[in-house]
Amino acid sequence: NAHDPALFVHLSARGRTLLLLYVDDMIITGDDSEYIAFVKARLNEQFLMSDLGPLCYFLGIVVSSTSDGFSISQEKYIQDILARAALSDERTPMELNVNLRASDGELLSDPTRYRHLVGSLVYLAVTRPDISYPVHILSQFVSAPTSVHYSHLHVLRYLRGTISHRLFFPRSSSLQLQAYSDATWASDPSDRCSLSAYCAFLGGSLISWKTKKQTAVSRSSAEAELRAMALLTAEVTWLRWLLEDFGVSVTTPTTLLFDSTGAIDIARDPMKHELTKHIGVDASYVRAAMQDHVIALQYVPSELQLADFFTKARTRAHHRFHLSKLSVVDPP
């Protein structure tokens, strides 16, 4: 596949077959049952292969199916992490208003445990968007972790109290793609770089999210938001290509929701280019995607900006609100 080297797509008059490969593990699906059987038979001739039947477990991720939809979780993986940590419960994954620096505290004499735990959390965040922000913060210090960084592993206590949380994908969800983007301006106390975050939904299903530190200092909040906008535009462009490969028709522009009118104005108005030469590439990239009808920008009030969840720690009430919007739920 041109858009994902791990994805193989076969089209025939009978339908479409998809094969997703990771090293020696694979998922085969589609609506051409005859060709799926043919692929399995040919693979079995060439390799020592086991057919595990309907998808229920892949790379440590448990896939559950009900009449209402599907869910993915890593409960066993969390248990393995907590067995090495031995911590009590916590209601939110990170304290409010915490600004960690590389120089905080004394260097750990043996950083192995910190690195191992944070590395495990990075993989866990594949199915737990509720820990995306704290894992992003903690992973910045794996090269030289200190006692202060280790003491802020509240996310482990949070996971003990929310071990059964899973990401839910309702069967009733539409196939309409939309996404949210946000930025926290100059949020890193060490170098004043901003933080970008986004989340993308297919109908009511969360399918993509990211928290990422920007590589350059932004001179205003609008600049930080515009850089986050460009990051999301690239992700949405790729998602649209991928949906087309899956046989999902994407004919209308994807709505991108932002709470920064300044960033939206810069992206829409080419006359503002002279005022923003230093971020002209990002502005031009977003504007070109709008002109090609790939995206459509839309304002959303800050209190409804779901991507904000991925840029900072939240109060307990706000945390629960965002969990419901992201379909992070407990099993029925």
Task: Criterion side chain to side chain contact (heavy atoms under 4.5 Å, CB included) on Thr311 and Thr211, from CA distance to verdict - done: CA-CA 7 Å; Thr311 64; Thr211 302; 6.0 Å; no

- [ ] Check step by step if side chain to side chain contact (heavy atoms under 4.5 Å, CB included) holds for Met290 and Leu297.
- [x] CA-CA 8 Å; Met290 293 171 59; Leu297 306 185; 3.6 Å; yes

Task: Rounded distance [0.5 Å steps], CG in Leu242 versus CG in Asn1 - done: 6.5 Å

Open item on the list: Run the side chain to side chain contact (heavy atoms under 4.5 Å, CB included) test on Leu239 and Leu177 for me, step by step, so that the C-alpha distance in whole Å, both residues' side-chain angles and the decisive distance to 0.1 Å come before the verdict.
Closed with: CA-CA 9 Å; Leu239 287 173; Leu177 186 65; 4.1 Å; yes

- [ ] May I ask you to check whether Phe70 and Phe168 place their ring centres under 6.0 Å from each other?
- [x] no

Open item on the list: Ignoring hydrogens, what is the shortest heavy-atom contact between Arg101 and Pro189? Give both atom names and the distance.
Closed with: NH2-CB, 3.4 Å

Task: Which atom of Ser65 lies closest to which atom of Arg171, heavy atoms considered - done: OG-NH2, 3.0 Å

Task: Test ring-ring contact (aromatic ring centres under 6.0 Å, His included) applied to His322 - qualifying residues, sequence neighbours left out - done: Phe309

Task: Ser120 side chain to Arg84 side chain, donor-acceptor N/O pair below 3.5 angstrom - done: yes

Task: Value rounded to 0.5 Å, distance of CZ in Arg14 from CG in Asp32 - done: 4.5 Å

TODO: With sequence neighbours left out, write down each residue that passes side-chain hydrogen bond (donor to acceptor under 3.5 Å, both in side chains) with Lys76, or none if nothing qualifies.
DONE: Asp80

Open item on the list: Measuring from atom OG of Ser221 to atom CG of Leu226, what distance do you get when rounded to the nearest 0.5 angstrom?
Closed with: 11.5 Å

TODO: For residues Tyr198 and Leu231, determine if any side-chain heavy atom of one lies less than 4.5 Å from a side-chain heavy atom of the other.
DONE: yes

- [ ] Would you please classify the geometry between the His319 ring and the Tyr158 ring as parallel, tilted or perpendicular, with 30° and 60° separating the classes?
- [x] perpendicular

- [ ] Please round to the nearest 0.5 Å and tell me the distance separating atom CG of Leu232 and atom CE of Met229.
- [x] 9.0 Å

Task: Arg115 CZ to Asp110 CG distance, which is reported to the nearest 0.5 Å - done: 8.5 Å

Task: Thr237 OG1 to Ile295 CD1 distance, which is reported to the nearest 0.5 Å - done: 7.0 Å

Task: Closest contact, heavy atoms only, Thr254 versus Gln178 - done: CG2-CA, 4.0 Å

Task: Minimum-distance pair of heavy atoms, taken over all atoms of Leu326 and Phe201 - done: CD2-CZ, 3.6 Å

Task: Salt-bridge criterion met for Asp191 and Lys213 (N-O under 4.0 Å) - done: yes

Task: For the student: nearest non-hydrogen atoms of Arg227 and Gln214, plus distance - done: CD-OE1, 3.5 Å

- [ ] Determine the minimum heavy-atom distance between Gly204 and Ser327, stating which atoms define it.
- [x] O-OG, 3.7 Å

Please table the atom pairs, donor to acceptor, closer than 3.5 Å between any side-chain atom in residues 140-147 and protein atoms at least two apart or in another chain.
| residue | atom | partner | partner atom | Å |
| --- | --- | --- | --- | --- |
| Thr146 | OG1 | Asp104 | O | 2.5 |
| Thr146 | OG1 | Val148 | N | 3.3 |
| Thr146 | OG1 | His149 | N | 3.4 |
| Thr146 | OG1 | His149 | ND1 | 3.2 |
| Ser147 | OG | Glu106 | N | 3.4 |

Task: Donor + acceptor pair across side chains of Asp188, Ser190 (<3.5 Å) - done: yes

Task: Presence of salt bridge, Arg16 and Asp31, under 4.0 angstrom - done: no

TODO: Inspect the contact between Lys312 and Asp308 and indicate whether a charged nitrogen and a carboxylate oxygen are less than 4.0 angstrom apart.
DONE: yes

- [ ] Decide ring pair (Phe, Tyr, Trp, His ring centres under 6.0 Å) for Tyr180 and Phe258; before the verdict, give the C-alpha distance in whole Å, the side-chain angles of both, and the deciding distance to 0.1 Å.
- [x] CA-CA 6 Å; Tyr180 297 78; Phe258 306 90; 9.2 Å; no

Open item on the list: The criterion is side chain to side chain contact (heavy atoms under 4.5 Å, CB included); which residues satisfy it with Ala6, sequence neighbours excluded?
Closed with: Asp4, Leu20

Task: Steps toward side chain to side chain contact (heavy atoms under 4.5 Å, CB included) verdict (Leu108, Arg113) - done: CA-CA 10 Å; Leu108 296 176; Arg113 190 182 189 195; over 6 Å; no

Task: Residue pair His3 / Trp238, side-chain heavy-atom distance below 4.5 Å - done: yes

Tell me which donor-acceptor pairs under 3.5 Å the side chains of residues 35-58 have, and how far apart each pair is, sequence neighbours excluded?
| residue | atom | partner | partner atom | Å |
| --- | --- | --- | --- | --- |
| Lys40 | NZ | Asp51 | OD2 | 3.2 |
| Asp51 | OD1 | Gly53 | N | 3.0 |

TODO: Determine whether Val9 and Thr17 make a side-chain contact, defined as any pair of heavy atoms from C-beta on separated by less than 4.5 Å.
DONE: no

Task: Under the salt bridge (Lys or Arg N to Asp or Glu O under 4.0 Å) test, residues paired with Arg166 that sit two or more places apart - done: Glu75

Open item on the list: Are the side chains of Glu225 and Asp259 in contact, using a 4.5 Å heavy-atom criterion?
Closed with: yes

